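What follows is a single structure, written as C-alpha cells, with notes after it.
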Number of protein chains: 2
Amino acid sequence: MPAEDIQQLSLHCSDCPIRHRAVCARCESTELDRLEEIKYYRSFEAGQTVIWSGDKMDFVASVVSGIATLTQTLEDGRTQMVGLLLPSDFVGRPGRDSAAYNITATTDIVMCCFRKKPFEELMLRTPHIGQRLLEMTLDELDAAREWMLLLGRKTAREKIASLLAIVARRDAAIQLRVAQGQLAFDLPLTREAMADYLGLTLETVSRQISALKRDGVIELEGKRHVTVPDFDRLLCEAGDDSDGGFLV
Amino acid sequence: MPAEDIQQLSLHCSDCPIRHRAVCARCESTELDRLEEIKYYRSFEAGQTVIWSGDKMDFVASVVSGIATLTQTLEDGRTQMVGLLLPSDFVGRPGRDSAAYNITATTDIVMCCFRKKPFEELMLRTPHIGQRLLEMTLDELDAAREWMLLLGRKTAREKIASLLAIVARRDAAIQLRVAQGQLAFDLPLTREAMADYLGLTLETVSRQISALKRDGVIELEGKRHVTVPDFDRLLCEAGDDSDGGFLV
DNA sequence: ACAGAACCTTGACCCAAATCAAAGAGACCG
DNA sequence: CGGTCTCTTTGATTTGGGTCAAGGTTCTGT
C-alpha cells in the first residue's frame with residue numbers, strides 16, 4: 001500500500017496507529033468516520049488464543065501490533081499454519097459468523113475490532129470498502145496458492161530458505177530500510193511455529209537452519225537473529241525467484 | 001448456491017447454460033443485462049493451454065462446461081496444481097492484468113468470457129457483483145487453506161482419500177443424485193494430475209489407489225470409474241471430517 | 001545465584017514416499 | 001489386425017525427512 005494512501009486513510013482514523021488496509025484509502029466519503037464509532041480494542045498476551053475454530057465470531061479486526069497465527073488441526077493434533085497475521089493485516093469474514101481457524105497470538109498483540117453487523121452495514125453503504133476487501137482477499141489467495149507450491153513440491157531446505165527470504169523482505173519493508181547487500185532481522189516465530197508453517201517437524205527446521213548456517217547462506221546470532229550476507233544466494237536456495245509469498 | 005438463485009440469475013443470462021456465480025443472483029438491477037453485451041465464448045480442446053502464467057489476461061471468465069486446472073511450476077519443472085476449475089467456476093482477477101497461473105484444459109472446455117475493462121466498470125456500478133465476487137474469493141481462500149493442511153500434514157493415503165471424497169461429493173452435487181449409501185463417479189483427472197494436485201508422484205497415487213481398492217474402501221472399474229460402497233469409511237480414511245475442500 | 005521451564009540442537013535409526021525400471025492395458029489409426 | 005502412443009500398474013531400491021532420545025541454552029521467577 002503506497003505511503004500516501006496510508007496517510008490519507010489516517011485522516012479517517014487519527015487516534016489509531018493502525019493502517020486500516022480493509023478500507024479504501026482513496027474513498028473520501030465521510031462514511032469512513034463511522035468506523036470510529038464502531039471500533040474497539042482488544043489485547044492478548046503471547047501464547048493466548050484469540051479464538052478457536054468454530055467459535056462464534058461477531059467481529060472483524062485489524063492487527064495493530066504483534067503477530068498472530070491462523071492454524072488448522074486434524075483430530076490427532078497434526079497442525080498446519082495457514083496464515084500469519086502481521087500489523088495492519090485484516091481478519092474476519094463478512095457474511096460468516098464463526099471462525100474458520102484457530103487464531104493464536106505468538107507475541108503480545110493488540111487488535112482493533114469492529115462489530116461485524118455495523119461493519120457489514122457500512123460495507124453496503126460504502127462500496128469502496130468492499131472493493132478494498134476484495135483486493136486484499138485476492139492477495140491472500142495468491143499468497144496461499146504460492147504456499148501450496150512450497151508445501152507440495154519444495155524440499156526442506158528450500159522451504160526454510162523461502163521462509164527466511166519472505167521474512168527478510170517483509171522486515172525490510174516494515175523497517176523501510178533499503179536493503180542493499182546485507183540484511184538482518186529477527187525471526188518472529190519459534191522453531192515449532194516455523195515447522196507448522198512449512199509442513200515439517202521442528203527437528204528438521206533446526207537441522208536445516210544449521211545447515212544453511214554451516215554453508216554460509218545465513219549467519220545466526222542467538223536463536224532468533226539472522227543475518228543474510230547475500231540475499232540473491234538465499235533466493236536461489238529458495239528454489240524460485242518468487243518475490244511475494246505468504247507474508248505479503 | 002441455492003437453486004432459486006440460479007434460476008433467478010438465469011433471467012439475466014438466458015441463452016447461456018452457465019450460472020454466473022460471479023453475479024449476485026439476488027440483485028434485480030437491469031445492469032446485469034449489460035453482461036450480455038460484453039460477453040463472448042471461447043472453446044479449448046483437452047490438453048490445450050488457456051493461458052500461461054504471466055501472460056496478459058484482458059478478460060475474466062466463467063467455465064460453462066469441461067474442466068481446467070490452475071498450476072504453478074518451479075524452474076526445474078516441479079508442478080503444483082493450486083486450483084481446479086469446474087463448470088460455473090469463475091476465473092480472473094479484476095484489478096490485475098496478467099495471469100498468475102497456468103490454466104490448462106484437462107477436458108474439452110467452453111468458457112464464457114467478459115472483457116475485463118467493461119466488467120470492471122459494471123462492477124463499479126453494481127456493487128452486488130463485487131460482493132458476490134468477494135464471497136466467492138473467500139470460499140476459494142478457505143478451500144486453498146484446507147488444501148494447505150492436506151499438503152503439509154496428510155499422508156499419501158489420506159490425500160488420495162480426501163481427493164476421492166471431494167470429487168464424490170462434488171459429483172453428487174452436480175448430478176443432484178441424493179447420495180444415500182453407494183456413490184459412483186468418474187475421476188476427472190489423470191494419475192499425473194492427481195499427483196500434481198496432492199503433492200505426490202504419479203506412482204504413489206497409483207499405488208495408494210490400488211491399496212484403497214485392495215482394502216475395500218473403493219471399487220474400480222477401468223481406470224477412471226470409482227464406486228464408493230461406504231462413504232463414511234472413505235471420510236475416515238481421509239483423516240478428518242472435513243465437509244468442504246477444494247472443489248467447493 | 002539457583003531451579004525449573006521453555007526452547008533449541010544434535011545424533012542414531014527408521015520408514016513413507018521418491019526414484020528407477022519394466023511391463024500391462026486401452027485407445028486410435030493406417 | 002498389428003503398431004504405436006498414452007496412461008497406468010507394479011516391483012526393486014534409495015533417500016529425505018520423521019521419530020525417538022539425550023543434552024545444551026536462555027529466560028524467568030524466587
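Each chain gets a letter, A, B and so on, in the order the sequences are listed, and its residues count up from 1. Everything quoted here is computed from the prediction, not taken from an experiment. Below, all heavy atoms of this structure are taken into account, side chains as well, without hydrogens, waters or symmetry copies.
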Measure the shortest side-chain to side-chain distance between A/Ile218 and A/Leu164 over non-hydrogen atoms and say whether it is less than 4.5 angstrom.
-> yes

Given D/dT8, D/dG11, D/dT9, which nucleotide is nearest the side-chain atoms of B/Leu220?
-> D/dT9

Would you mind classifying the nucleic acid contact of B/Thr201 as base, sugar-phosphate or nothing, using non-hydrogen atoms under 4.0 angstrom?
-> base

So what does A/Gly47 hit on the nucleic acid, given a heavy-atom distance under 4.0 Å: a base, only sugar-phosphate, or nothing?
-> nothing

Between A/Ser210 and B/Glu203, name the one whose nearest nucleotide on DNA chain C is closer to the 5' end.
-> A/Ser210

Atom CD of B/Gln208 and atom C1' of D/dT8: how far apart are they, to the nearest Å?
-> 15 Å

In terms of side-chain geometry, is the basic nitrogen of A/Glu237 or A/Arg157 positioned less than 4.0 Å from the acidic oxygen of its partner?
-> yes

Scan A/Leu150, A/Val205, A/Leu163 and name whichever one has a side-chain contact (heavy atoms from CB on, under 4.5 Å) with A/Tyr197.
-> A/Leu163

Rounded distance in Å - CD1 (A/Ile160) to C1' (D/dG17) | 12 Å

Salt-bridged, A/Glu158 to B/Arg78, with N to O below 4.0 Å?
-> yes

Any donor-acceptor pair under 3.5 Å joining the side chain of B/Glu192 to the base of D/dC7?
-> no

Contact interval (first through last nucleotide) of DNA chain C with protein chain A, 4.0 Å heavy-atom | C/dC7 to C/dA12

Round to the nearest Å and state the distance from A/Leu198 atom CG to D/dG17 atom C1'.
-> 13 Å

Nearest-Å distance for atom pair CD1/C1', residues B/Ile209 and D/dT9 | 11 Å

Starting at atom CE of B/Met194, determine the distance to atom P of D/dC7, rounded to an integer number of angstrom.
-> 15 Å

Let me know, please, whether A/Leu202 or B/Ala156 comes out on the 5' side of the other along DNA chain C by nearest nucleotide.
-> A/Leu202

What does A/Thr190 touch in the nucleic acid at a heavy-atom separation under 4.0 angstrom: a base, only the sugar-phosphate, or nothing?
-> sugar-phosphate

Quick one: list whatever passes salt bridge (charged side-chain N to carboxylate O under 4.0 Å, His left out) with B/Arg207, sequence neighbours left out.
-> none

Pairing residues for A/Arg93 by the salt bridge (charged side-chain N to carboxylate O under 4.0 Å, His left out) criterion, not counting sequence neighbours = B/Asp139, B/Asp142

Looking at every strand, decide which applies to A/Arg157 at a 4.0 Å heavy-atom threshold: base, sugar-phosphate, or nothing.
-> nothing

Polar side-chain contact B/Arg207-D/dG11 base: donor and acceptor under 3.5 Å = yes

Pick the nucleotide of DNA chain D nearest each of A/Leu200 and A/Gly222; which residue has the one closer to the 5' end?
-> A/Leu200

Starting from the 5' end of DNA chain D, give me the residue, A/Lys223 or A/Thr204, whose nearest nucleotide shows up first.
-> A/Thr204

When all nucleic acid strands are considered with a 4.0 Å heavy-atom cut-off, which category describes B/Ser206: base, sugar-phosphate, or nothing?
-> base

Residues B/Glu140 and A/Arg145 bridged, charged N to O under 4.0 Å | yes

